[in-house]
Amino acid sequence: AMEKSFVSMFFLLIVISCALAKDAGKKDTKDTTAKPKLPQTLSRGWGDQLIWTQTYEEALFRAKHSQKPLMIIHHLEDCPHSQALKKVFAENKEIQKLAEKFILLNLVYETTDKNLAPDGQYVPRVLFIDPSLTVRADITGRYSNRLYAYEPSDISLLYSNMQKALKLLKTEL
């Protein structure tokens with residue numbers, strides 16, 4: 001009997017230490033400054049201080065009315081490529097700064113709009129839409145088999161494509 005209670009006691013300790021570790025982790029990431037923060041569900045980790053739209057429809061509406069380009073990131077939470085791109089995207093200060101000039105949407109599901117999958121429904125993929133609501137299929141990454149895919153090492157290309165999407169506005173609209 002002694003042995004059994006020892007095992008269950010030990011198990012309880014493991015459970016408690018996991019719970020404590022989880023709480024300790026939470027405390028570190030919390031911003032100590034007292035500015036009110038929006039619940040960061042919409043960013044899904046792509047940039048918590050950026051303003052993200054909730055739906056494709058809302059994003060289109062806001063792009064049209066604000067005359068800002070829309071950047072759509074298709075990704076999946078359990079896709080290692082998506083996770084890797086998200087990490088460099090969120091940690092890159094230049095990208096985060098430039099992203100403020102866009103209407104932003106990240107999606108973990110496909111829309112019914114076939115224009116958002118010009119060459120297939122793979123993740124991660126990043127597409128730009130201008131305020132006339134035209135999908136800019138001409139702004140591509142470096143892979144001919146997946147035109148809108150970016151690897152973490154392509155972050156500077158993604159940055160220049162974001163700049164391109166902003167420049168198009170000035171020259172065309």
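All figures in this text were calculated on a predicted structure; none of them were measured in a lab.
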Asker: Under 4.5 Å between side-chain heavy atoms, hopping through other hydrophobics if needed: is there a path connecting L104 to F61?
Answerer: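 The answer is no; the residues belong to distinct hydrophobic clusters.
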Asker: Kindly compute the distance separating CD1 (I73) from NZ (K86), expressed to the nearest 0.5 Å.
Answerer: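 Going from the CD1 atom of I73 to the NZ atom of K86 covers 10.0 Å.
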Asker: Which residues satisfy the ring pair (Phe, Tyr, Trp, His ring centres under 6.0 Å) test with Y143, sequence neighbours excluded?
Answerer: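 Partners of Y143 by the ring pair (Phe, Tyr, Trp, His ring centres under 6.0 Å) criterion come out as none, since no residue qualifies.
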Asker: Please say yes or no: joined through hydrophobic side-chain contacts below 4.5 Å, possibly via intermediate residues, are I95 and V126 part of one cluster?
Answerer: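 In one cluster with I95: V126, yes.
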Asker: Give the intermediate values and the outcome of side-chain contact (heavy atoms from CB on, under 4.5 Å) for residues E110 and L116.
Answerer: CA-CA 8 Å; E110 293 291 338; L116 289 187; 5.6 Å; no
Asker: How many angstroms lie between atom CG of L127 and atom NE2 of H74, to the nearest 0.5 angstrom?
Answerer: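 So the CG of L127 and the NE2 of H74 are separated by 7.0 Å.
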Asker: Who pairs with K97 by side chain to side chain donor-acceptor pair (under 3.5 Å), at least two apart in sequence or on another chain?
Answerer: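 Result, side chain to side chain donor-acceptor pair (under 3.5 Å) vs K97: E100.
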Asker: Between CZ of R125 and OG of S82, what distance do you get to the nearest 0.5 Å?
Answerer: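 Interatomic distance, R125 CZ to S82 OG, rounded to 0.5 Å: 10.5 Å.
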Asker: So if you build clusters from Ile, Leu, Val, Met, Phe, Trp, Tyr with side-chain heavy-atom gaps below 4.5 Å, do V135 and L158 land together?
Answerer: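 Unlinked, V135 and L158 end up in two clusters.
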Asker: If I compare all heavy atoms of A63 with all of L133, which pair ends up nearest, and what's the gap?
Answerer: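 Heavy atoms of A63 and L133 come nearest at CB-CD2, 4.4 Å.
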Asker: Please give me the minimum heavy-atom distance between N106 and S43, naming the atom from each residue.
Answerer: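 Heavy-atom minimum between the residues: ND2-O, 3.1 Å.
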Asker: Apply side-chain contact (heavy atoms from CB on, under 4.5 Å) to the pair R44 and H75, showing each step before the final yes or no.
Answerer: CA-CA 10 Å; R44 295 192 181 90; H75 65 108; 3.9 Å; yes
Asker: To the nearest 0.5 Å, tell me how far H81 NE2 sits from L76 CG.
Answerer: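 Spacing of NE2 (H81) from CG (L76) equals 11.5 Å.
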Asker: Applying ring pair (Phe, Tyr, Trp, His ring centres under 6.0 Å), can you list everything that pairs with F102, at least two apart in sequence or on another chain?
Answerer: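 With neighbours one apart ignored, the set is F128.
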Asker: State, to 0.1 Å, how close I103 and A59 come at their nearest heavy-atom pair, and which atoms those are.
Answerer: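 Looking at all heavy atoms of both residues, the shortest contact is CG2-O, 3.8 Å.
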Asker: Search all heavy atoms of L98 against all heavy atoms of Y159 and return the closest pair with its distance.
Answerer: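 Here L98 and Y159 meet closest at CD2-CE1, 3.5 Å.
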Asker: Just by modelled atom types, is the K68 backbone N or O under 3.5 Å from a matching donor or acceptor in the R62 side chain?
Answerer: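 Checking the backbone N and O of K68 against the side chain of R62, no donor-acceptor pair under 3.5 Å is found.
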Asker: Do L157 and L166 land in one hydrophobic cluster if side-chain heavy atoms of ILVMFWY residues count as linked below 4.5 Å?
Answerer: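 In one cluster: yes.
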Asker: Can you tell me if E77 has over 12 outside heavy atoms packed within less than 6.0 Å of its CD?
Answerer: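 Yes.
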Asker: So, for A90 and G47, which heavy atoms are closest and what is the spacing to 0.1 Å?
Answerer: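 Between these two residues, the closest heavy atoms are CB-N, 4.4 Å.
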Asker: Kindly write out the residues that satisfy side chain to side chain donor-acceptor pair (under 3.5 Å) with Q163, not counting sequence neighbours, or none if the list is empty.
Answerer: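 Applying side chain to side chain donor-acceptor pair (under 3.5 Å) to Q163 gives none.
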Asker: Roughly how far, to the nearest 0.5 Å, is OG1 of T55 from CG of L60?
Answerer: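 Spacing of CG (L60) from OG1 (T55) equals 8.5 Å.
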Asker: Donor-acceptor pairs under 3.5 Å, side chain of residues 144-151 to any protein atom, not counting sequence neighbours: which ones?
Answerer:
residue : atom : partner : partner atom : Å
Y148    : OH   : A137    : O            : 2.7
Y150    : OH   : N161    : ND2          : 2.8

Asker: Would you compute the distance between atom CE of M71 and atom OG1 of T53 and round it to the nearest 0.5 angstrom?
Answerer: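 Taking CE in M71 and OG1 in T53, the distance rounds to 11.0 Å.
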Asker: Take I72 and Y56 through the test side-chain contact (heavy atoms from CB on, under 4.5 Å) and record every step on the way to the result.
Answerer: CA-CA 9 Å; I72 298 185; Y56 181 45; 3.5 Å; yes
Asker: Do Y109 and I129 land in one hydrophobic cluster if side-chain heavy atoms of ILVMFWY residues count as linked below 4.5 Å?
Answerer: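 Cluster IDs for Y109 and I129 match.
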Asker: Return the set of residues passing ring pair (Phe, Tyr, Trp, His ring centres under 6.0 Å) with F89 (not counting sequence neighbours), or none when no residue passes.
Answerer: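 Per chain and number, F89 pairs via ring pair (Phe, Tyr, Trp, His ring centres under 6.0 Å) with W46.
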